[in-house]
Trainee: 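Can you keep this structure in mind? I'll have questions shortly.
Letters A, B, ... are given to chains in the order of the sequence lines, protein chains preceding strands, and every chain is numbered from 1. Keep in mind that the numbers below use all heavy atoms, side chains included, and drop hydrogens, waters and symmetry copies.
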Protein chains: 2
Amino acid sequence: MNIGEAAQASGVSAKMIRYYEETGLIPPAGRSGSGYRTYGPKEVQVLRFIRRARDLGFPMEKVADLLALWRDRSRASADVKRLAEAQIAALEARIAEMQAMQVTLTHLVHTCAGDDRPDCPILVDLSGGRP
Amino acid sequence: MNIGEAAQASGVSAKMIRYYEETGLIPPAGRSGSGYRTYGPKEVQVLRFIRRARDLGFPMEKVADLLALWRDRSRASADVKRLAEAQIAALEARIAEMQAMQVTLTHLVHTCAGDDRPDCPILVDLSGGRP
DNA sequence: TATGGGGCTTCCCATAATGGGAAGGTCAAG
DNA sequence: CTTGACCTTCCCATTATGGGAAGCCCCATA
């Protein structure tokens, strides 16, 4: 199977597959006589694993850790769980930050008439309304 | 006032002040005889405006729009409000994505024993548990 | 067999916003 | 005058992804 088909089958773009190989996240693919990368079902499964982990927000570095655990038959499930819990915590932190922004913005929006006059408490606040 | 003081006063790093100037977000600062950038209270206020808008999650491009409206005495407050509402919506979208990840991960974590045995439903799921 | 279209290769560039650091000029205090 | 803190510009790195060019390859069809 060529890289295009592997991309289709895994949901990872050909571009990213090459990138993952380049950065060592996955081992170099086999090559056909003419230099084309070749993939089998096993490789596609790895790619899907990566895709899924990325979809859950794991950064590539953590994906590498997950892959290592996956390959390690003598892993402790506690290690996997730790990674997942850390990711949950990271998401929670980021979400909290953004919710704080949202709250502030929502307040500001409520104070703004939103008509064709120039007066706007939003701008006043941004420019340091409360010194 | 030199760039370091302006950075202190505005909460924007000297590095970023130069960058904002380079990208045209702010006009070129005045220069002292020896080439040092110089800033007055007005410039610092602009920097604080930028800082605050960035803190609310506005991307630089939108900050530029906000700055333009701020400078435009004949703006309509509706335009400002629109930008703020769009930002709220953008935050909401991103938050929703991340919450979905969080929910999935939380489910997975609950299914994992987290002991020293290797069996781990998290890995099973990542590797395509549901075909 | 020749030709064309689509797929593959590598290489370079760009993104968004920020920080790190080097090499060298400047200023103020001692 | 020296020293240390600050400024200048320039280059590099980050994270993960996409775009595109130049050139080779494969297969089907005329």
Trainee: Thinking salt bridges, do B/Glu97 and B/Arg94 make one under a 4.0 Å N-O criterion?
Mentor: yes

Trainee: Can you tell if the side chain of B/Met98 reaches within under 4.5 Å of the side chain of A/Met98, non-hydrogen atoms only?
Mentor: yes

Trainee: Could you tell me how far apart B/Asp55 (CG) and C/dT18 (P) are, to the nearest whole angstrom?
Mentor: 9 Å

Trainee: Can you tell me the distance, in whole Å, between the OH atom of A/Tyr19 and the C1' atom of C/dC8?
Mentor: 21 Å

Trainee: OP1 or OP2 of C/dC27 less than 4.0 angstrom from a side-chain nitrogen or oxygen of B/Ser34, does that happen here?
Mentor: yes

Trainee: From CD of A/Glu5 over to P of D/dC26, roughly how many Å is that when rounded to an integer?
Mentor: 14 Å

Trainee: Rounded off to whole Å, could you give me the CG-to-P distance for the B/Asn2 and D/dC7 pair?
Mentor: 5 Å

Trainee: Using atom CD1 of B/Ile17 as one end and atom P of C/dG19 as the other, report the distance to the nearest whole Å.
Mentor: 11 Å

Trainee: Any salt bridge between B/Asp115 and B/Arg117, counting N to O under 4.0 Å?
Mentor: yes

Trainee: Determine whether any donor atom in the side chain of B/Tyr36 lies under 3.5 Å from an acceptor atom in the base of C/dG25, or the reverse, and answer yes or no.
Mentor: yes

Trainee: Counting only side-chain nitrogens and oxygens, does B/Arg51 get under 4.0 Å of the OP1 or OP2 atom of C/dT18?
Mentor: no

Trainee: For the helix from C/dT1-D/dA30 to C/dG30-D/dC1, what angle lies between the axis at the first five pairs and the axis at the last five pairs, to 10 degrees?
Mentor: 30°

Trainee: Does A/Ser13 or A/Gly33 map to a spot on DNA chain D nearer the 5' end, using the closest nucleotide for each?
Mentor: A/Ser13

Trainee: Using a 4.5 Å cut-off on heavy atoms from C-beta on, say whether the side chain of A/Val63 contacts that of A/Arg54.
Mentor: yes

Trainee: How many Å lie between CD on A/Glu21 and C1' on C/dT10, as a whole number?
Mentor: 12 Å

Trainee: Are any of B/Arg18's side-chain N or O atoms less than 4.0 Å away from OP1 or OP2 of C/dA17?
Mentor: no

Trainee: Can you check whether A/Thr104 reaches B/Asp55 side chain to side chain, under 4.5 Å on heavy atoms?
Mentor: no

Trainee: Assuming nearest nucleotide by heavy-atom distance, tell me which of B/Arg54 and B/Lys15 is located more 5' along DNA chain C.
Mentor: B/Arg54

Trainee: In terms of the nearest nucleotide of DNA chain D, which residue is placed more toward the 5' end: A/Ser32 or A/Tyr20?
Mentor: A/Tyr20

Trainee: A side-chain contact here means heavy atoms from C-beta on lying under 4.5 Å apart; do B/Phe49 and B/Leu66 qualify?
Mentor: yes

Trainee: Quick one: A/Glu22 CD to C/dC11 C1', roughly how many Å, whole number?
Mentor: 10 Å

Trainee: B/Arg37 side chain N/O closer than 4.0 Å to the phosphate oxygens (OP1, OP2) of C/dT26?
Mentor: no

Trainee: Send over the distance from B/Arg31 CZ to D/dT9 C1', rounded to a whole Å.
Mentor: 10 Å

Trainee: Using the side chain to side chain donor-acceptor pair (under 3.5 Å) definition, which of the options B/Arg75, B/Lys81, B/Arg82 pairs with B/Asp79?
Mentor: B/Arg82

